[in-house]
Structures are given as C-alpha cells and as structure tokens.
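First the proteins, then the strands, lettered A, B, ... as listed; each starts at 1.
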Amino acid sequence: DSGVTQTPKHLITATGQRVTLRCSPRSGDLSVYWYQQSLDQGLQFLIQYYNGEERAKGNILERFSAQQFPDLHSELNLSSLELGDSALYFCASSVEEGWGTEAFFGQGTRLTVV
Amino acid sequence: AQTVTQSQPEMSVQEAETVTLSCTYDTSESDYYLFWYKQPPSRQMILVIRQEAYKQQNATENRFSVNFQKAAKSFSLKISDSQLGDAAMYFCAYRSAENTDKLIFGTGTRLQVFP
C-alpha cells in the first residue's frame, strides 16, 4: 500500500458526461501529480499541484481540469467525455516539489467511456 | 525536449535466470534522475530503482541493478535470479533535476517469467 488513495477504482460513463476523480496523497506529501495511461501505453503527465498551487501542466486537454484543496487532496475533472478518454488515471504524491525523493503512486482509477 | 525509449516491447526469462531490460533517453541536461518502475497486473506503479546522474556508481536494490552509461544515455535494468513475481510491465522514466515537475516515461517492456 503506497498510502495514496484514489477513488473510485472503476468508473463507467457515457460520452458527453462529466466525472470527478479524487486523490488523497500520503500524509505529509505536498505535491500531487496526475497521469493518464491509455491501453498498453506509457504514462502521460497531465498536471502537477504543490501545496494548493498549480506548478506544471503537461498534455492536459482543455476539457480536463484539476485542483488541490487546503487539505491537500486533489480532484481531476473530466468533462464532455469522449471514447478516447477511456484510460487509467493515476495520481502520485511526493513530500516535496519534484522527484528527488520517491514519489508514490495510487492504484489508479480506470475510466471507461461508452 | 527529453525523450525516453524502450525498444523491447516484450521480454521473457526463465525463473532463476538473469534478464536485462534496455532504456535509452535523450536530453541536453547534465543533471537528472532516472527510474525504473514496475507495473504488475494489479496496475500499481512500484518504484524499483533510482539513479542520480551525478553518481558514477550504478544503483543496486537486492536482485535489481542498473547499468548507467551517461555518455551513451543508456540506463538498463538487470534482474538477477528472476522470480515469477517479477512478471510485469517495466517502465523507464526520466526527471530533470532543474525542471522539477513531471516524470517522462518510456512505453514499457512487458516481462514474462517462465517456470
């Protein structure tokens, strides 16, 4: 158990809908990262938050947004869903900004868009 | 932009034997970190080993070791005494020491372990 909790584990929804994925980082970790893993692909970086502030953006679609709350949990919002958004979405956390220390991954949320 | 390449989509090894997974990367930076992550069928991403580019000594974690060739931009993972539980996807990843945000992942190598 990495200590990073992602909910829900599985999500099935229809095209055009909106969903929210939630991530609770390890206790004490200030930095949260979101990644997307499409079928049999590597992980694509979406966005990073550090202590409530957005720090870096990757290949995140405009239909997607995220935030980190004062209690440091983070949510990834996906709207106007398309079939191609079906993927495994990972959250990772680390105690500090960057990866000099080990980053811990959650078990992911598997999103299926039908 | 930095890139990470894993040229072996699949590898297989006999139990108790040794296998090496390849990874090359492209960067113009001199200071960075390299990682190998394991992703078993459970899909959990597990850090296997980490190498700091400024360290000449190759990292070792029990049965896992790396061969880090900075000039060649190569970072291979050697698994000794392979076990059935080593079967998984293995991802090589790069992080800049200056641009402290994302990890850049390769496309992965699927490792099968045969009894």
Side-chain heavy atoms of L103(B) within contact of Y35(A), under 4.5 Å: yes

Please tell me if the side chains of Q39(B) and Q37(A) come closer than 4.5 Å, counting only heavy atoms from C-beta onward. yes

Taking all heavy atoms of R43(B) and all of F90(A), pick out the closest pair and write down the distance. O-CZ, 3.0 Å

Tightest non-hydrogen contact, residues Q44(B) and G106(A), listed as NE2-O, 3.6 Å

Measure the CZ-CZ distance between F45(A) and R95(B) for me, rounded to the nearest 0.5 Å. 12.0 Å

Shared ILVMFWY cluster between [X] and [Y], side chains joined below 4.5 angstrom?
{"X": "Y33(B)", "Y": "L43(A)", "answer": "yes"}
{"X": "Y89(A)", "Y": "I47(A)", "answer": "yes"}
{"X": "L46(A)", "Y": "V32(A)", "answer": "yes"}
{"X": "F91(B)", "Y": "L111(B)", "answer": "no"}
{"X": "L76(A)", "Y": "V4(A)", "answer": "no"}

Is it the side chain or the backbone of L88(A) that comes within 4.5 Å of chain B heavy atoms, both, or neither? side chain

